[in-house]
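Encoded as structure tokens, the structure appears first; notes follow it.
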Amino acid sequence: MSACCGQATFDGMSEAYKKRLKIVILLNAAMFIVEMAAGQAARSQALQADALDFLADALTYGISMAVIGASLKTRSVAAAFKGASLLLMGLWVFGSTVWRFFAAGVPEAPVMGVIGLMALAANLATVLLLVSYKDGDANVRSVWLCSRNDAIGNVAVMVAALGVWGSSAAWPDLAVAFVMASLFLSSAFQILAQSWREFRAGEAEAGAPNPPAEDACCERTCCDSRSESRPA
């Protein structure tokens, strides 16, 4: 925790949180495979962008679980890695969408709609599982931002499918891919900024003298009560 007997920042130290992360890792890994294959078959850039978001989430949740309980500095480095991954993904989606603007044919709207509906159901389940943990350190917050991105992205894919079906053109699909790329980039900058602040705080924390025994006891009590107070 970042504070003792005061306003503490949730750092993932909760068994209920860890169980929910395991569930969403499986959901996101499965949907990445399904949506990427469907995106290739349907020639949909929006579906492929959303599939990459599923992959990023699965990796994010795995890294988040691995560093729970580590020092603030270690957690901030893990969050920075995830932020950098989102940044690269956003740039890739942006670049590939520009390329497909000149080279792509019209996507298959029915496939986009069906797969988009499946992905939306998976992401709504993920959001419901994690909404109680949307505020926390950079590591915890990166999990929530990725989950939120997925839900928004799936709604956008459904809108793109309707646009492609109604217009018989590729531009709705490409427009949604651009929006998703912007969402990736925005989330990446938020995560990187918070992780940098926490990295500096972690360095200061590491260089600070050890607290007196009574303060350490207070910290343990505060942290234990904070973890137990999280929703099951």
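We number each residue from 1, following the sequence as shown.
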Q | Under-4.0 Å salt bridge between E203 and R200 | A |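 No.
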
When clusters are formed by joining ILVMFWY residues with side-chain heavy atoms under 4.5 Å apart, either directly or through shared neighbours, do [X] and [Y] land in the same one?
{"X": "I33", "Y": "L59", "answer": "yes"}
{"X": "M36", "Y": "I115", "answer": "yes"}
{"X": "L21", "Y": "L26", "answer": "no"}
{"X": "L124", "Y": "L129", "answer": "no"}
{"X": "F32", "Y": "M118", "answer": "yes"}

Q.
Taking the side chain as everything from C-beta on, heavy atoms only, tell me whether I25 gets closer than 4.5 Å to M65.
A.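 Yes, side chains in contact.
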
Q. Would you find a donor on one side and an acceptor on the other, under 3.5 Å apart, between the side chain of R75 and the backbone of A70?
A.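 Pair found, side chain donor or acceptor close to backbone of A70.
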
(Q) Between S186 (side chain only) and S182 (backbone N and O only), is there a donor and an acceptor less than 3.5 Å apart? (A)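 Flag not set: sc S186 to bb S182 has no pair under 3.5 Å.
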
Please tabulate, one pair per line, all N/O donor-acceptor pairs under 3.5 Å involving side-chain atoms of residues 191-199, not counting sequence neighbours.
unit_1, atom_1, unit_2, atom_2, d
Q194, NE2, G136, O, 3.3
Q194, NE2, E198, OE2, 3.1
S195, OG, I191, O, 3.1
S195, OG, L192, O, 2.9
E198, OE1, A138, N, 3.0
E198, OE2, A138, N, 3.0

Q. What residues, two or more places apart in sequence or in another chain, satisfy side-chain hydrogen bond (donor to acceptor under 3.5 Å, both in side chains) together with N123?
A.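 Per chain and number, N123 pairs via side-chain hydrogen bond (donor to acceptor under 3.5 Å, both in side chains) with N154.
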
Q | Full working for side chain to side chain contact (heavy atoms under 4.5 Å, CB included) between F54 and L27 | A | CA-CA 9 Å; F54 273 117; L27 277 174; over 6 Å; no

Q) Can you name the nearest heavy-atom pair linking L185 to L91, along with the distance? A)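 Answer, listing the atom of L185 first, then L91: CD2-N, 4.0 Å.
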
